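What you see is a predicted model; the values in this text were computed from it and never measured.
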Amino acid sequence: MAKPEMSKRFRRRHGRDKDIKLQEKHTITHGLVESTSNTDPNWTSVEIIFAGFVVGCLVIALGSAFHLRSATYSALQQNWLPRNEYDSVFTYSTVRTVFVPEENITNAEFYKTFATDSGNPVLLKKSLLHRWSAFTKWTPDFLEHVFPSVQVYEQNKTSEFITFHDGKPLERFLTNEKWSDFNGLHNFSSKAVLSNSGPPWLYFSSNLLHLREDYPYGSGVTNDVDPLYPLVVNDSGLQANLWMGSKGIETFMHLDASFNFFAQLHGRKRFTLVPPHVPMYPWSCLHPHIHHAQVPWKQHHNRSALQSKFPDFAASHPSAVVVDVGRGDLLYVPPYWWHHVETLESPSVAVNVWTDAPAYLRIHEVYEHPVPLNADDTDAARIVSVVRFLTMLVSRTELCPLHQNAAEPSDSLLRDWCTEKPAVFTGDARGFFRHLYEQRWRQLLEQGYINSGLAGTQESAMEVDPNAVRTHCQNTNFRDAIADDGRSIDAKLAKRMNSIVALFHEIQPAGVRRLCLGNYIEHVIAAAVGAASVGSCLQNCF
């Protein structure tokens, strides 16, 4: 569900009662159980013997239970973990589970703490969704009654849905035989959506506000999920969606630039979540599959093939969190965490709440700043300007030490630039561009996913044919222009880019910043030479 920068999207997604025992008080806080007991210390000898007998029985019972639990876990693990070749690559872990204290069920600050402090997924049980009338009211029969016919995404070849965002710059260059637009909507009954076993595979998603406008049930849609405000982390970008589907539906590995609370009202889903620093080979942000991974999560590839096609991913020793989200569960998915979602039970009904993450807001502030491009320059001069500008930006953003006692870079000008940034990127600036090309563009170009030349399709005088870009950048004059007294020109540019660097420094953690920086680089190059030539520029000019 990549919420930002996207016109349409696919996005994603319970509780135990406290036990109250005689003479014992239990307090459940943040997943920890604290127990106080009121007992009489003056026991008789008979009571002591009897207590010893009880304790002995308990020890035996606990030992048997532990053995059973271990065996059960081993059996469950075989179904729980993805049984494909990635098992030998990923390290899997379980999600942190928290029982929401009664006094915090509707406390907005309680939920906000998980979004602003931990930075990790959290499964919340006995949360505010148990206060929603929708939790008991929105049965399949009820939904079929109030939403008799809905517009759904339909697929016949696969149960795995991936978003195709209309209007992205690369869409007009895609080779027709290799791409499908999954945004086609068709009318089906809610009953079919909730019980369908496919094919065709049907998936429904809609903004709750749109449902208010489109169906007679009207305001009841939002009233039934009240209170919703405790899940609103930010006052920007609020959107709440209703999701309906059936067993077998999957959403492709993707990320959202938003805080995301996912409430499962019926059925069960399995989330596989991967931290933002793992190189999942995202599609170019200019491509309709923006913020989706190229690493094929569900396809079976042997390790050697994985290393050959996605070497950075294979070498990163990636970790993943797997969690089953059942009826009544509330899952917090942090911004920019990759997630693949599989529906395990029919019918499945869920509501999620997105609000903009700080990184999303910062990067849009960056886009408001002008870049050093002149439409009157020759193609070669424009390419020189953009290469110098972006090389300096990456150097200042990724190579500068944060602390005063950190080792300073040897380059005197770079040392002047570096005031507050850690040396978090291994290698030089050229290495950053090399990885950007390898992860986002190499497959597009080598597999023939996009046309290799403009062939008269230019929509702007600033669009340069990819072959012409390669020729410019391999020319000796281009290399001389980059090296010839470039420092004085870069120093002037440095004064104009201080605010841009400062905004990037605010984007944390490093994996999120690099993804945002990569998006920005692609947009700047596209402004200079056109979207179709971004890959050629990354490959040949840095």
Side-chain angles (χ1 to χ4, degrees), residues 1 8-14 129-130 132-164 180-226 228 239-252 261-271 298 324-331 340-354:
M1 352 167 180
K8 300 180 181 177
R9 48 192 162 224
F10 294 112
R11 313 288 184 259
R12 339 303 165 207
R13 341 339 184 203
H14 285 94
L129 77 87
H130 288 255
W132 293 352
S133 59
F135 184 55
T136 53
K137 185 177 182 180
W138 285 13
T139 63
D141 289 341
F142 175 81
L143 293 173
E144 291 166 16
H145 174 70
V146 297
F147 306 129
S149 178
V150 291
Q151 285 195 318
V152 303
Y153 298 98
E154 177 187 10
Q155 291 183 179
N156 290 292
K157 295 181 179 179
T158 175
S159 62
E160 193 169 30
F161 287 77
I162 184 171
T163 311
F164 190 100
S180 296
D181 186 334
F182 297 110
N183 280 348
L185 292 170
H186 303 87
N187 288 321
F188 282 86
S189 68
S190 294
K191 182 176 182 179
V193 176
L194 293 169
S195 60
N196 179 61
S197 58
W201 303 96
L202 309 176
Y203 202 19
F204 173 80
S205 173
S206 178
N207 189 321
L208 293 183
L209 294 181
H210 296 165
L211 293 178
R212 289 185 57 173
E213 300 167 358
D214 297 340
Y215 291 89
Y217 191 56
S219 60
V221 173
T222 49
N223 291 341
D224 288 348
V225 293
D226 183 59
L228 194 68
Q239 180 173 331
N241 268 31
L242 170 64
W243 303 86
M244 293 192 297
S246 57
K247 181 179 179 180
I249 295 293
E250 300 177 53
T251 49
F252 211 86
F261 280 98
F262 193 92
Q264 189 74 25
L265 300 177
H266 290 282
R268 187 164 55 98
K269 292 181 182 288
R270 176 167 297 155
F271 280 70
K298 295 297 290 183
D324 284 2
V325 183
R327 171 170 161 78
D329 284 348
L330 179 66
L331 177 66
H340 172 276
V341 188
E342 179 182 3
T343 302
L344 301 178
E345 294 177 359
S346 298
S348 177
V349 180
V351 170
N352 86 298
V353 180
W354 287 298

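- Note: Phe142 and Tyr217 have perpendicular aromatic rings, judged against thresholds of 30 and 60 degrees for the angle between ring planes.
- Asp324 pairs with exactly one of Gln264, Arg270, Glu345, Lys269 by the side chain to side chain contact (heavy atoms under 4.5 Å, CB included) rule, that one being Arg270.
- In terms of heavy atoms, Ser346 sits closest to Leu194 at CB-O, 3.7 Å.
- Put simply, CG on Leu129 and CG on Leu228 are 11.0 Å apart, with the number rounded to the nearest 0.5 Å.
- The two residues Gln155 and Phe161 come nearest to each other via the heavy atoms OE1-CD2, 3.4 Å.
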request  = In sequence, state the C-alpha distance, the side-chain angles, and the governing distance for Trp201 and Glu160, and then conclude on side-chain contact (heavy atoms from CB on, under 4.5 Å).
outcome  = CA-CA 9 Å; Trp201 303 96; Glu160 193 169 30; over 6 Å; no
Run the side-chain donor-acceptor check on residues 209-216: report pairs under 3.5 Å with partners two or more places apart or on a different chain.
{"from": "Arg212", "atom 1": "NH1", "to": "Thr222", "atom 2": "OG1", "distance (Å)": "3.4"}
{"from": "Tyr215", "atom 1": "OH", "to": "Ser149", "atom 2": "O", "distance (Å)": "2.9"}

query = Checking ring pair (Phe, Tyr, Trp, His ring centres under 6.0 Å) for the pair Phe164/Tyr153: CA distance, chi angles, key distance, verdict?
reply = CA-CA 11 Å; Phe164 190 100; Tyr153 298 98; over 10 Å; no
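- The two residues Val225 and Trp132 make their nearest non-hydrogen contact at O-NE1, 3.3 Å.
- Across Gly328 and His130, no two heavy atoms sit closer than the pair O-NE2, 3.1 Å.
- With rounding to the nearest 0.5 angstrom, the OH atom of Tyr203 is 11.0 Å from the CE atom of Met244.
- Remark: Lys191 engages no residue in a salt bridge (charged side-chain N to carboxylate O under 4.0 Å, His left out) (not counting sequence neighbours).
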request  = Report the C-alpha separation of Thr158 and Phe252 in whole Å, then their side-chain angles, then the decisive distance to 0.1 Å, and conclude whether the side-chain contact (heavy atoms from CB on, under 4.5 Å) test is met.
outcome  = CA-CA 11 Å; Thr158 175; Phe252 211 86; over 6 Å; no
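- Between Trp243 and Trp354, the two ring planes are perpendicular [angle over 60°; tilted spans 30° to 60°].
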request  = Take Val221 and Phe147 through the test side-chain contact (heavy atoms from CB on, under 4.5 Å) and record every step on the way to the result.
outcome  = CA-CA 11 Å; Val221 173; Phe147 306 129; 3.8 Å; yes
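- Val325 approaches Leu331 most closely through the heavy-atom pair CG2-CD2, 3.9 Å.
- For residues 133-143, the salt bridge (Lys or Arg N to Asp or Glu O under 4.0 Å) pairs, not counting sequence neighbours, are Lys137-Asp224.
- The two residues Pro199 and Asn156 have their closest heavy-atom pair at CB-O, 3.6 Å.
- Each of Val150, Val349, Val193 was compared with Leu143 under the side chain to side chain contact (heavy atoms under 4.5 Å, CB included) criterion, and only Val349 meets it.
- Judged purely by distance below 3.5 Å, without hydrogens or angles, the side chains of Asn196 and Ser246 never pair a donor atom with an acceptor atom.
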